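Take a look at the structure set out below.
These numbers come from the heavy atoms of this one structure, side chains and all, not from hydrogens, waters or symmetry mates. Atoms within a ligand are numbered from 1 in the order they appear, just like the ligands themselves. Because the structure is predicted, anything quoted here is derived from the model rather than measured.
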Amino acid sequence: MNNKTDIIIIGAGISGLICALESLKLGKKVLIIDAQSREKLGGLARAAFGGMALIDTPEQRSKGIKDSPEIAFQDWCSFAEFTEADHWPKQWAKYYTENSINEVYEYIKALNIRFLPAVSWVERGLYTPGNSLPRYHILWGASLRLINQLIKQLSQFENTLLSYQFECTVTQLLKTDHRVIGCSTRNNLTQDAEYFADAVVVASGGFTGNLDKVREVWPKEWGQAQSGLLNGTHPTNDGKMHDCVEDIGGQTTHMSNMWNYAAGIPNPNPDFKNHGLSLIPPRSALWVDHQGKRIGPEPLITSFDTLHMCRQINKLQIPHSWQILNQRIALKELAISGSEHNPAIRDRQFITLLKEIFLGNHKLLNKMLTESDHFIIADSLEELIEKMNQLTVKHPVSIDELSNSVNRFDEIVSRKQAFWNDDQLRRIMTIRKWTTDKLRTCYPKTLQGHGPLIAVKLNLITRKCLGGVKTDLQCRVLNQNDIPIIGLYAIGEASGFGGGGSNGKRSLEGTFLSACILTARQAARSI
Ligand SMILES: Cc1cc2nc3c(=O)[nH]c(=O)nc-3n(C[C@H](O)[C@H](O)[C@H](O)COP(=O)(O)OP(=O)(O)OC[C@H]3O[C@@H](n4cnc5c(N)ncnc54)[C@H](O)[C@@H]3O)c2cc1C
């Protein structure tokens with residue numbers, strides 16, 4: 001038979017590359033097919049930051065954090081809110097918490113990559129308990145370094161066991177009565193073709209690059225998705241492979257569970273329509289609605305429950321919000337997710353990183369103020385409001401509302417600390433107790449009177465699919481009767497990071513790249 005190989009991998013993201021590498025090491029012949037060009041090898045992990053939830057690492061232990069798979073699994077299940085039906089997602093959560101050291105941490109170290117010594121404490125939980133301990137580790141060199149190391153290793157097999165088809169989109173999975181045998185493709189460069197293999201691995205990522213699909217599966221209890229939704233992934237993450245899996249009888253589950261973010265801005269240098277950047281929203285900023293009224297009743301502040309923040313933002317009548325801060329806060333707390341806006345980490349410049357932490361990230365703030373019209377700076381509140389209203393003529397900020405929100409907050413912060421009866425201040429003081437997070441969180445001071453004021457206009461931005469193709473622990477795709485479809489596997493984000501939704505409703509954060517590694521290695525072994 002023409003075009004026959006041992007394993008076809010659909011998608012050259014981190015999960016596809018690792019599954020390929022591990023299969024090649026076992027002597028298998030592999031074909032990787034990707035809709036994008038060779039320069040994009042690595043998929044979203046090229047752009048990702050490289051934060052990973054890892055359990056009981058030397059980095060944690062050196063900081064006195066006593067973590068264990070048991071504690072992590074308990075935190076995970078609490079945040080995930082699994083139901084009785086979530087057998088395989090829960091199995092994957094358990095597998096993750098029990099194997100993050102040997103399957104992820106050691107694997108990365110063996111590729112000559114290390115983690116920053118600091119461990120952050122994200123997603124602590126708000127009404128639902130989350131991470132009871134800090135466990136967010138940052139790859140030194142970002143995930144781009146991981147991808148570059150993988151590409152180097154894969155190159156040893158090219159022209160022998162490994163081949164690629166780029167700019168080639170899989171349009172259909174091919175199946176006989178009892179097994180998957182290959183796929184059909186549409187190729188931008190050559191002709192349409194069919195490829196055949198003993199095993200086909202779906203590693204095509206999620207669907208949050210397709211805003212129509214996101215709107216279609218948006219959680220019903222949230223009402224409609226807001227109109228200003230930004231695209232935080234890539235248009236090739238369109239979910240068409242999920243449809244192909246369904247077409248041959250495979251199951252997809254938990255598609256309405258997504259891990260989107262509340263603080264998106266349009267990318268000033270977009271690669272595609274609605275391309276957004278996701279800010280790590282400064283904790284000390286005041287988060288207000290389109291009129292300038294502080295969002296409540298509990299103030300919005302990151303580090304606790306991202307899902308809750310997105311839900312609150314989606315409730316707003318007018319689909320944008322504002323963060324009000326000043327230069328002092330922006331220099332210490334402003335960050336943007338991804339390797340592009342964290343060059344000191346991506347390029348492993350330790351001195352630059354230290355300067356940014358202790359002297360402020362002037363470069364990032366200046367870049368945003370110059371390039372993005374969603375960043376506004378002014379010397380007074382009146383001037384700020386005037387400039388904000390030039391951007392949002394249709395839905396202006398109310399001078400009274402915003403002045404009231406800012407003046408009220410400033411009045412409380414001006415008091416002695418014992419009288420700071422404000423939930424945002426309480427939470428900031430708790431965050432500052434953990435040294436790593438203190439480095440990136442200002443001691444509370446008034447917004448006015450500490451450098452120019454800054455306003456940032458924000459929209460919801462899509463990012464990760466928590467649901468996906470249902471699999472068992474061997475990454476075999478399950479049919480409607482929960483029976484494995486012979487020859488078909490799913491890994492990475494396509495599989496909802498394992499089992500069709502291993503994070504349940506919420507991620508402890510940084511559970512994505514790591515789950516791609518876990519599922520990819522498991523699939524290679526299983527095949
Ligand atoms: C800016 C940013 C920052 C992030 N930061 C983090 C972080 O710090 N920590 C973390 O854990 N996660 C992070 N993530 C998420 C993480 O990067 C992704 O979840 C992960 O990289 C997904 O990998 P994957 O291999 O499953 O899929 P992808 O990387 O999406 O790769 C899928 C590939 O499949 C191809 N494809 C899709 N459909 C077809 C088809 N029909 N035919 C052929 N090819 C197809 C696509 O072109 C793509 O190359 C971040 C994501 C972004 C965008």
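At a 4.0 Å heavy-atom cut-off, ligand 1 touches Cys516 through the side chain alone. Residue-level proximity to ligand 1 for Asn237 is carried by the side chain, the only part with a heavy atom below 4.0 angstrom. Contacts of Lys40 with ligand 1, taken as heavy-atom pairs under 4.0 Å, are absent altogether. If you look at Met241 next to ligand 1, the close heavy atoms, those under 4.0 Å, all belong to the side chain. Residue-level proximity to ligand 1 for Ala203 is carried by the backbone, the only part with a heavy atom below 4.0 angstrom. Here Cys244 has no heavy atoms under 4.0 Å from ligand 1, in either its backbone or its side chain. The side chain of Lys464, and not its backbone, has at least one atom closer than 4.0 Å to an atom of ligand 1 (non-hydrogen atoms only; side chain from C-beta on). Of the heavy atoms in Trp259, none comes closer than 4.0 Å to ligand 1.
For ligand 1, the atoms lying closer than 4.0 Å to a non-hydrogen atom of Gly492 are 26 (O). Within the listing of ligand 1, atoms 24 (P), 25 (O), 26 (O) sit less than 4.0 angstrom from a heavy atom of Ser15.
The shortest N or O to N or O distance between Glu493 and ligand 1 is under 3.5 Å. Geometrically, ligand 1 and Thr236 share a nitrogen or oxygen pair separated by less than 3.5 Å. Annotation: Asp34 places an N or O atom under 3.5 Å from an N or O atom of ligand 1; distance criterion only. At under 3.5 Å, a nitrogen or oxygen of Gln36, whether backbone or side chain, sits near a nitrogen or oxygen of ligand 1. Considering backbone and side-chain atoms alike, Leu44 places an N or O below 3.5 Å from some N or O of ligand 1. Looking at ligand 1, you won't find any N or O of Ala48 less than 3.5 Å from one of its N or O atoms. Considering backbone and side-chain atoms alike, Ala35 places an N or O below 3.5 Å from some N or O of ligand 1. The shortest N/O to N/O separation between Phe512 and ligand 1 falls below 3.5 Å. Ligand 1 has an N or O atom lying under 3.5 Å from an N or O atom of Phe49, backbone or side chain.
If you run side-chain hydrogen bond (donor to acceptor under 3.5 Å, both in side chains) between Arg506 and each of Asp305, Asn257, Thr306, only Asp305 comes through. When each of Lys28, Arg179, Lys4 is checked for a side-chain hydrogen bond (donor to acceptor under 3.5 Å, both in side chains) with Asp198, only Lys4 meets the rule.
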*Tell me, with the steps shown, if Phe73 and Trp76 meet ring pair (Phe, Tyr, Trp, His ring centres under 6.0 Å).*
CA-CA 5 Å; Phe73 185 57; Trp76 190 304; 8.1 Å; no
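Looking at Glu22 and Lys25, a side-chain N of the basic residue comes within less than 4.0 Å of a carboxylate O on the acidic one, giving a salt bridge. Using a cutoff of 4.0 Å between basic side-chain nitrogens and carboxylate oxygens, Arg135 and Asp75 are scored as salt-bridged. We find that Asp243 and Lys213 are joined by a salt bridge, their nearest charged nitrogen and carboxylate oxygen being less than 4.0 Å apart.
In this structure, Thr171 contributes its side chain and Arg186 its backbone to no donor-acceptor pair below 3.5 Å.
Side-chain contact between Asn112 and Gln149 is present, with at least one heavy-atom pair separated by less than 4.5 Å.
For Lys29, there are no salt bridge (charged side-chain N to carboxylate O under 4.0 Å, His left out) partners at least two apart in sequence or on another chain.
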